[in-house]
Amino acid sequence: MEIARRSSAPLLLLLAFLYSLLLQRPVFAAYVVYLGEHSHGSGSASPWEASKRATDAHYELLGSVLADEEKVQDAILYSYTNNINGFAAYLEEQEALKISKYPGVVSVFPNRGYKLHTTRSWEFLGLERDGRVPKQSLWSKARFGEDTIIANLDSGVWPEAQSFKDDGLGPIPSKWKGICQNDFDESFSCNRKLIGARYFNKGYEALVGPLNATFKSPRDYDGHGTHTLSTAGGGFVPSANIFGYGNGTAKGGSPRARVAAYKVCWPPVNGSECFDADILAAFDEAIRDGVDVISVSLGGDPVDYFQDGLAIGSFHAVKKGITVVASAGNSGPKLATVSNLSPWMFTVGASTMDRQFLSYIAFDNKRIKGESLSPRGLPGKRLYPLISSPESKLVNATARQARLCYVGSLDPSKVKGKIVVCLRGITARVEKGEAVHQAGGIGMVLANDVDNGNEIVADAHVLPATHITYSDGLNLFSYLRSTKSPLGYITRPKTKLGAQPAPFMAAFSSKGPNTITPEILKPDVTAPGVSVLAAYSGAVGPTGLVFDGRRVAFNAESGTSMSCPHISGVAGLLKTLHPDWSPAAIKSAIMTTARTRDNMKEPMLNSSFNKATPFGYGSGHVRPNRAMDPGLVYDMTTTDYMDFLCSFGYTTAQLAMFNGEPYACPSTPLQIGDLNYPSITIPELQSSTKVTRVVKNVGPPGTYVVRVVEPRGVSVTVSPESLTFGKVGEEKRFEVTVGIKEGKTDCGGYVFGWLIWSDGKHYVRSPAVVKCSSSSWKP
């Protein structure tokens, strides 16, 4: 330690000098100044006159910033005067920042040299490649989800968002029966894209009391609903980005679908935002309105199906042929935390994609990789003092509050002008940055706790900040403890594509097993849910917190709320391509074609970089192009779900009310394990048991042969071992016998395997999840 102390001063001076050389390089590059849709060609002007008028306006705008006519002439590279309104020019960073604040300027972003692509997730899922849509893409085959109607039960919608423009769309489908409920908000309007919107607040009002006029509108004052709806069905928006990061063409999963917003969520009260009375009313109206897919990025603690508004509403929707997609919840990484458990719902976990917004913390000749969407960098060209949050504690704050950087827990006399290293947990990530900012800190490093492991999230922090992994956090805290005057620097974020490994499971994504019906594996699949860029509300800042006065057209959000609409968008495509498929068939197609390997061709990992399991990813990570041609599907009807409910012991009267008409349960109750689900789960294997499944052919005639990957310590046999189909729609039954292998007395908790049917082209994969009854496993 003494040697380190004696040598630290000259070393730090050298570091400061090297950084000053690095930062003194002129920040001078090509930028695009995007002004939105072209509007200079109106009236009787000829195309040439309109083009010249637009060019002159661009030079005038740039001249107001540069104040040097000769420099303006040299700076402009292109003037976009046909459809896009804007220009490309060489600018210094401060000049670009100044232009970005001008009225009428939509955004200013660096010319990064990338080809136009989606806000990444759809390319990562294979629907496009290098900005082009291949002929064999599900997008091409399904006409981008043309005229499918996607409903979203959420916090409403910001109708002015560019994702909901109706350019190029034809008349509203005749099946649509909904309304645009703007009786108290005349500024709210719908069009041929956003074809309807409603609000439901009576259940909320019952808890909080009378509501004012702002609560009588489907307008989104939160941002969540706009983000999720545009992810599912938003249209094409070029140059979408947040603070210049992630620039590309934004689009939803079904970009030519029609969308409708059903506002059921409001400002929190007692920790809840959406209430059963409002949710059920919204389901009721959406079913009548004629929607095809309902996306529900909300949930609560699991309860009995008949006491769960989401389960009840979704049952009635599925009965009418509407696919209902729901989020798994954000209570991971603990086991048995997944919500939205009914078998008729499509439940989605969250995983990463291969895009990162890299921002490094440099210290002691090291650079640790983090992620951030901070819109500005550290001022000046020097290193800054570093301090840990426990050392920054205000005298009247607790050690825990300071460690987690609660607002008001940091001492300004210790923090002012320094970079504070905070620990993740309890309070919002961006709120910790505000705590540092209020105490006078210059920047923040957010280090993961052990539960969050390697999952790092890019947030739009209010000050220069970066988010690092648990192991990197340990190294940084060790440096702070061992160094008398620690110094460091946070780099400005940069967008990187092709990150590895990807996907891996997000730490926050709720996990199985299913606590209501252990025989049904949940979640069903996983999809991108980390740092997803999509449209946002103009009424709230990107952090969603009251102190944030910034406004953005697009925002990067994380959660199973973001992964859910990815699947809703894919379901919309499949509905367009296969209008005769049931919700169960659509679910099966997505589940049985999912993948469980990452872009390094290795098994998917969790956030601690250990091997993930079906309790995290369900059947795997969605592959939309495979889902359009699954070969076989595990189909179900209302009868299957009613027989499932019969096995719970509900009375005839209860089931008649639930079903809307009398229903006679089978004389021999259904064994829950025999529900024709695309996965197999046996939570209490004693010695041996059998389950049955039925598969329906949705492809060409052929013979499928089964292959089994047995769970550890468990034997699995399938009879018959091959199935031959002669036509579309033909169904075949098979039986799976599962037993404990000879000499084994305990499986060692839950174990996992796979059952795969293949005709050489199609691979119909189902996870097999087993726990021996003698196991002492507990969640």
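Under 3.5 Å, the side chains of Ser331 and Thr337 contain no donor-acceptor pair of N or O atoms. Side-chain N/O atoms of Ser254 and Thr148 include no donor and acceptor closer than 3.5 Å. A donor-acceptor pair shorter than 3.5 Å cannot be found between the side chains of Asp154 and Tyr262. His224 and Ser297 are not linked by any side-chain donor-acceptor pair at a separation below 3.5 angstrom, with hydrogens and angles left out of the test. Residues Asp220 and Thr226 bring a donor and an acceptor atom of their side chains to less than 3.5 Å of each other. No hydrogens or angles considered: a donor-acceptor pair under 3.5 Å links the side chains of Ser187 and Arg219. At a cut-off of 3.5 Å, with distance as the only test, a side-chain donor of Lys432 or Thr427 sits close to an acceptor on the other residue. Side-chain contact check for Thr560 and Ser509: no donor-acceptor pair (N or O, by modelled atom type) lies under 3.5 Å.
Using a distance-only test at 3.5 Å, with no hydrogens or angles considered, no donor-acceptor pair links the side chain of Asp185 to the main chain of Asn182. Under the 3.5 Å distance criterion, the side-chain polar atoms of Trp139 are left unmatched by any main-chain donor or acceptor of Gly145. With hydrogens and angles disregarded, no donor-acceptor distance shorter than 3.5 Å links the side chain of Asn555 to the backbone of Gly223.
Lys522 places none of its side-chain heavy atoms less than 4.5 Å from the side chain of Asn340. Counting only heavy atoms from C-beta outward, the side chains of Val348 and Val325 approach each other to under 4.5 Å. Taking 4.5 Å as the limit, every side-chain heavy atom of Phe283 sits out of range of all side-chain heavy atoms of His316. The closest side-chain heavy-atom distance from Val338 to Thr347 is below 4.5 Å.
Relative ring orientation between Tyr305 and Phe644 is described as tilted, the plane-to-plane angle lying within the 30° to 60° band. Using bins of under 30°, 30° to 60° and over 60° for the plane-to-plane angle, the ring pair His578/Trp581 lands in the parallel bin.
When the side-chain hydrogen bond (donor to acceptor under 3.5 Å, both in side chains) test is applied to Asp222, no partner is found at least two apart in sequence or on another chain.
Within the 6.0 Å centre-distance limit, the rings of Phe215 and Trp266 are counted as a close aromatic pair. In summary, the aromatic rings of Tyr677 and Tyr634 are positioned with their centroids too far apart to meet the 6.0 Å limit.
A cation-pi arrangement is not found for Arg258 relative to Trp176, the charged atom failing to lie both closer than 6.0 Å to the ring centre and inside a 45° cone about the ring normal.
Summarising the geometry, atom CG belonging to Leu675 is positioned 6.0 Å from atom CG belonging to Leu670; distances are rounded to the nearest 0.5 Å.
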Can Ser766 and Arg693 be said to form a side chain to side chain donor-acceptor pair (under 3.5 Å), step by step? CA-CA 11 Å; Ser766 295; Arg693 290 292 187 273; over 6 Å; no
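Between Arg424 and Asp451 there is no salt bridge, since no side-chain N of the basic residue sits under 4.0 Å from a carboxylate O of the acidic one. In this structure, Lys193 does not pair ionically with Asp166, as no charged nitrogen and carboxylate oxygen lie closer than 4.0 Å. Remark: Lys175 engages Asp292 in a salt bridge, criterion side-chain N to carboxylate O under 4.0 Å.
The side-chain contact (heavy atoms from CB on, under 4.5 Å) test with Leu298 singles out one residue from Ser339, Cys274, Cys564, and that residue is Cys274.
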